[in-house]
Amino acid sequence: FCSSTTPITATLFPGDGIGPEIAESVKKVFTTAGVPINWEEHYVSTEIDPRTQSFLTWESLESVRRNKVGLKGPMATPIGKGHRSLNLTLRKELNLYANVRPCYSLPGYKTRYDDVNLITIRENTEGEYSGLEHQVVRGVVESLKIITRQASLRVAEYAFHYAKTHGRERVSAIHKANIMQKTDGLFLKCCREVAEKYPEITYEEVVIDNCCMMLVKNPALFDVLVMPNLYGDIISDLCAGLVGGLGLTPSCNIGEDGVALAEAVHGSAPDIAGKNLANPTALLLSGVMMLRHLKMNEQAEQIHSAIINTIAEGKYRTADLGGSSTTTDFTKAIYTMYDEMS
Ligand code: ATP
Ligand code: MG
């Protein structure tokens, strides 16, 4: 929606734990690459904002709503009563209805498979995460799994649109409709309806248990996977594990009104925070997803190649990938690689 030289304002949540260190890495690489982005930084507050009932301030949410694009580091929800979880607040307040997680083998970083190239798309607003749990009588509790036609159509539409615009050939809907006949049944019905509008995309339905087996045996069988909330939570982590783990996997949350909030999959890693040990790759690749969303494709591809080439070269790697580089040395290797390439 803009030419790649007009500066864009994007919200940046460095987050907690290793967040500020890896956010610094993104800022550094983007600056070296001359990416025309002005970061509007917002931190998680130390006090609850009564307007949001959360440690996220109203101003920070407004910033994402206004800019419609942002990058988020990991956030650790402070323990205590009377406030909402940070991630739940973001999802609800910004209507982030789909979580998109690409998983592809990184050349040069050896895992069990070298041909993984799939996208998981997770419904992010309902299902088992509706927060409707109660005790029926002593010793018996109930949790309500909510599936609506509106949210199912919305995420299915996003998945097919994504497949079409990203040159993907197949969408697999993951379900357990043989048991959850009403809920997963409705989810599948919505996927089928949308599939009819995309005759050029192959549509299939895969039962979740079989999907898990196929993923660990031959992940190359899959292309785009779309699924309800809880299945998406589990399958997307499984897929991240296939390609090398938490330090590497990016994601992007898609909201209504075109909002996109990219974020690393991992948590705040308190065990290594402040030690200059974190792997910034996941947040950097999330930043690349953000650039693609902004149609800054050239910069996105160049930064992506610099990251991939640095890891493939193997001279500079962080400890989680078996290397001994610090966050800052690895970051420097990436922007040096970028300069050499251009
Ligand atoms: P949170 O409560 O914030 O989710 P967590 O304790 O669940 O945190 P993660 O932060 O997700 O855990 O991390 C799990 C493990 O993976 C930790 O040992 C952490 O050090 C490691 N880890 C996570 N992210 C990275 C990263 N970017 N670089 C290196 N190691 C990481
Ligand atoms: Mg965690």
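Atoms within each ligand, like the ligands themselves, are counted from 1 in listed order.
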For Y162 and Y158, take the angle between the two ring planes, folded into 0 to 90°, and tell me which bin it lands in: parallel under 30, tilted 30 to 60, perpendicular over 60.
tilted

Below a 4.0 angstrom heavy-atom separation, can you tell me which part of I18, side chain or backbone, both or neither, approaches ligand 1?
side chain

At a non-hydrogen distance cut-off of under 4.0 Å, which region of N279 contacts ligand 1 (side chain, backbone, both, or neither)?
both

A side-chain contact here means heavy atoms from C-beta on lying under 4.5 Å apart; do T111 and L106 qualify?
no

Do K275 and E21 make a side-chain contact, defined as non-hydrogen atoms from C-beta onward lying under 4.5 Å apart?
no

Short list, please: which atoms of ligand 1 are under 4.0 Å from a heavy atom of I272?
20 (O), 29 (C), 30 (N)

Centre of Y198's six-membered ring, under 6.0 Å away, within 45 degrees of the axis: is that where NZ or CZ of R168 sits?
no

Among A278, A269, P280, which one has a heavy atom closest to atom 21 (C) of ligand 1?
A269

Atom 1 (P) of ligand 1: of S268, G73, G247, A264, the nearest heavy atom sits on S268

Do the two ring centres, one from F330 and one from Y316, sit under 6.0 Å apart?
no

Are any of the N/O atoms on P270, whether in the backbone or the side chain, positioned under 3.5 angstrom from an N/O atom of ligand 1?
no

